[in-house]
> 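Take a look at this one; I'll ask things after.
Atoms within a ligand are numbered from 1 in the order they appear, just like the ligands themselves.
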Amino acid sequence: MIKQFFKLFPLAAASLFVFAACNSAENKDLKINDLEYFANRGVNVLVYSNTFSGGFNDEKDSGIEIIHHGVRTVQGGAIRLSNTPEQWDLVPATTSREVNTDDNSIEVGLRYDDYDFDSRVVVTGKGDAFEIAVYLDKPVPAELVGDAGFNLEFLPSQYWLKTYIIDGKPERFPRYAVSNTVARPNSEKIKQYKGYKTYDDRGTDQFVDPLPLATGHEILMAPDDPERTIKVTSEGADLNLYDGRILAQNGWFVLRSLLPAGQTGKVLSWTIEPNSIDGWIREPNIGFSQVGYMPDQPKVAVIELDKNDKILGKASICKVNDDGSTKTVYTGPTDTWGPYFKYNYVKFDFSKVQEPGVYFIKYGDTQTGNFIINDDVYDHITDATSDVWIPIHMNHVTVNEGYRIWHGEPFREGYLQAPVNTDHFDLHGQGPTTDTKYKGLELIPGLNVGGYFDAGDFDIETGSNIGVVQNLTSIWERFHPMRDYTFVDEYQRYVDLHRPDGKPDIIEYLEHGVLNIVAQAENIGHMSQTLTNSVLDNYHHLGDAASITDGLHYDPRLKPYQKSADGKSSGTPDDMWAFTSRNPSSDFRAATCLAAASRALKGYNDDLAARALKESKRLLKEATELMQSSGRGAGNDMAANLQLYISTGEQQYLDRFKDQINRSLSRSAINSLTTALEAIPYMDDAYKESLRPAVEQYKHYIDSLETDNPYGVPIGLGNWAGSGSVVSFGSTICMASSYFPDIISKDEAFKATSFLFGCHPYHNYSLVAAVGAARPKQVFYGNNRADLSFIPGNVAPGLLFRKPDHFENYDDWPFLWGQNEGTIGGNVSYLTFGLAFKNLMGR
Ligand SMILES: [Ca+2]
Ligand SMILES: [Ca+2]
Ligand SMILES: [Ca+2]
């Protein structure tokens, strides 16, 4: 009824809106909605919709959260045991969560098992404010008095440089962490995750504790920015404001009150008033391909709208002329897709615009940055990843670029055998045996060669390094890219970006990966799980990888920080460890990738090709026997069986592959179609034809995504955002379309590129660093994240889903790995996709 009225009388509707916006009687009560959070215009208060995870402790995305005018600016509301908790400080378990719509409150039970300490936090909506109250049935345990407090954390990038007023005194949030600290004895430090320490105390036996920036009973934050204004009042206890970045660059501003000693019942009460802007409507987010479009490709923008926003029936394309003037060249209808989680979506198809040039999109008053239409817009989408990101992640070499050293040669002292029964902080572990000839903490020679840093950290994850070698081999065999803009000298252990050396870069990258896998096979005897940090205080390293360890062999006979007379060893236990518990499936995968890589390396490095083949045969034999004797059956890995068939031509692998692929395809084509298609060049025509039903099934899957979400790609809702699935989706489409163009049109592949390059929820920036015409993302969780920067070519995981209905990707705060990290595995997959895509498009 109302809709009809708006349609018939758009002018009347507009003036009605103005009236509503000026009417201060708008109801701003924070009421619990159907999704169990408090909401009014512009303010969402989530109470443990997202709980602290056990795996990585404090990920800065749990507890009591505020999504303030579209941006999640507050999180972490919980009982915490320090002033500015770090990632590896203890977090409470959530023992209960109760939503009481009758009295508009949500109550959670929190518990620290280590201290047998329970508390209840009750959040109650009271008009346009809410109260946070803490209840105790038993007093704070004696050992936590002075440590247990209620903390709420504020996103630094949304508050720095803005003002705050505490008990009437004006102050400014600091852009960089520069405030006072005190050193206290370690005996007073609350223990950290699994007893590890995040800091190196340099022998002082003291830890650093930040002092408050300010203290008071009422704080008004960001009165200068209505979208961020929040007032917090504490009934009794002092409110202390801390800067969490003093201890850890990923820290937030922390507001904290200590819990009183010896009391039970309601022990703490804060009143929080987040400002809600009258009639606030989030600005439309026009998703489009920042990289641009080829003239004859489909061009569909997806416009994300506030559910309070009115849908406009038309949008336009404007052209930027040579003289800088602009002209509307196309106006067309929008097509309503409908609601998807928090927002409404409409699509705007402008495929008819085909003339090469510079354009932008206009929807109402919103206008995008510019993009290009031309044949060659996708020609360089993989260059930054290939020329810059991948070589910067080469381990055990110095990497130079122009005037800049990205990192020196890391881990010169090599790797020690991890001691038995070690439970590691990065989710690995050494079992009760070493499965090698080495004793715990003994040097395993020869491992500090080749290999790739895993991600924003510097460990070698053997599993992903195996995948990387496999993918680089497949890239070489499928596309033979001769691109040569990287100088790699394994003897000098030196890499120089943008310097051609006469060898194809892909072969050099492949060689670098193989060097480490062969070294593991030769020196450990099998694959490690990981080569990684032994101490937590150098695991979170930010800066030059060569300075993670001191480069000297660890000698426990020396005191910490003491060097031997010959200058070759030290008493500092910073050496990396090899976790060597044997896993025959990992050896089986290594055998496969080494067999394939040895083919590719022939003629480039015959010695390494021969060593790779020798180790491949040995590992394959041993892994097969181990798997058989443990009853696990040999080779339950169809991709590996295919590769082994290609390498050896042996019927047994072909039989196993065919059997597995048939069973797998009959379950679902979605996960195994790529592997099935990869086999086509090595099989007969009948095999290819037998895949037709699976390809048809995949086409149905592609079509079904059009109704699943407005972007028509698989969108993941996990704790690590899903651009990796979009890359795989794109790769499968490219391969399927090249073999079965009658079933899957190559146009489907543009859904993947558009999503990656800007047509996605939350904002419209390209998720690939430095790739994208007007606006690639600016910050990533690379190893240079402390500089709020990026490493070119990195693919961000992208749109992280926060329960129950919020997608986000911070572009001013790099430190959430689930949205902004990139991995060696993921970036090599992107390279594979990009090359396949360009190949399919005839570029
Ligand atoms: Ca890692
Ligand atoms: Ca080269
Ligand atoms: Ca050392």
> Can you name the N/O/S atom of E413 that is nearest the Ca ion (ligand 3)?
OE2
> Provide the atom name of the closest N, O or S atom of D454 relative to the Ca ion (ligand 1).
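Going by distance to the Ca ion (ligand 1), the closest N, O or S atom in D454 is OD2.
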> Do any protein N, O or S atoms sit under 3.0 Å from the Ca ion (ligand 2), and which ones are they?
D484 OD1, T486 O, D501 OD1, K503 O, D505 OD1, E508 OE1
> For Y193 and D58, test the side chains for any donor-to-acceptor distance below 3.5 angstrom and give the result as yes or no.
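Their side chains do not contain a donor-acceptor pair, so the 3.5 Å distance test is not met.
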> Among D459, N533, T530, which residue meets the side-chain contact (heavy atoms from CB on, under 4.5 Å) test with D426?
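Only one option passes, and that is D459.
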> Under 3.5 Å, is there a donor-acceptor pair linking the side chains of Y554 and S534?
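Absent: no donor and acceptor within the cut-off.
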> Would you say S766's side chain and V771's backbone share a donor-acceptor pair under 3.5 angstrom?
yes
> Looking from the Ca ion (ligand 3), what is the angle between OD1 on D574 and OD1 on D550, to the nearest 10°?
90°
> Looking at every heavy atom in both R493 and H396, which two are closest together, and how far apart are they?
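Of all heavy-atom pairs spanning R493 and H396, the closest is NH1-O, 3.5 Å.
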> About how large, to 10 degrees, is the angle OD2 of D457, then the Ca ion (ligand 1), then OD1 of D459?
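Computed angle, vertex at the Ca ion (ligand 1), rounded to 10 degrees: 80°.
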> Any side-chain heavy atom of P410 sitting closer than 4.5 Å to one from N395?
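SC-SC contact between P410 and N395 confirmed.
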> At the Ca ion (ligand 3), what's the angle from L552 O to D575 OD1, rounded to 10 degrees?
90°
> Run the side chain to side chain contact (heavy atoms under 4.5 Å, CB included) test against N827 and tell me which residues pass, sequence neighbours left out.
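Side chain to side chain contact (heavy atoms under 4.5 Å, CB included) check on N827 returns T385, W389, N794, V795.
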> Any side-chain heavy atom of R843 within less than 4.5 Å of one from D376?
yes
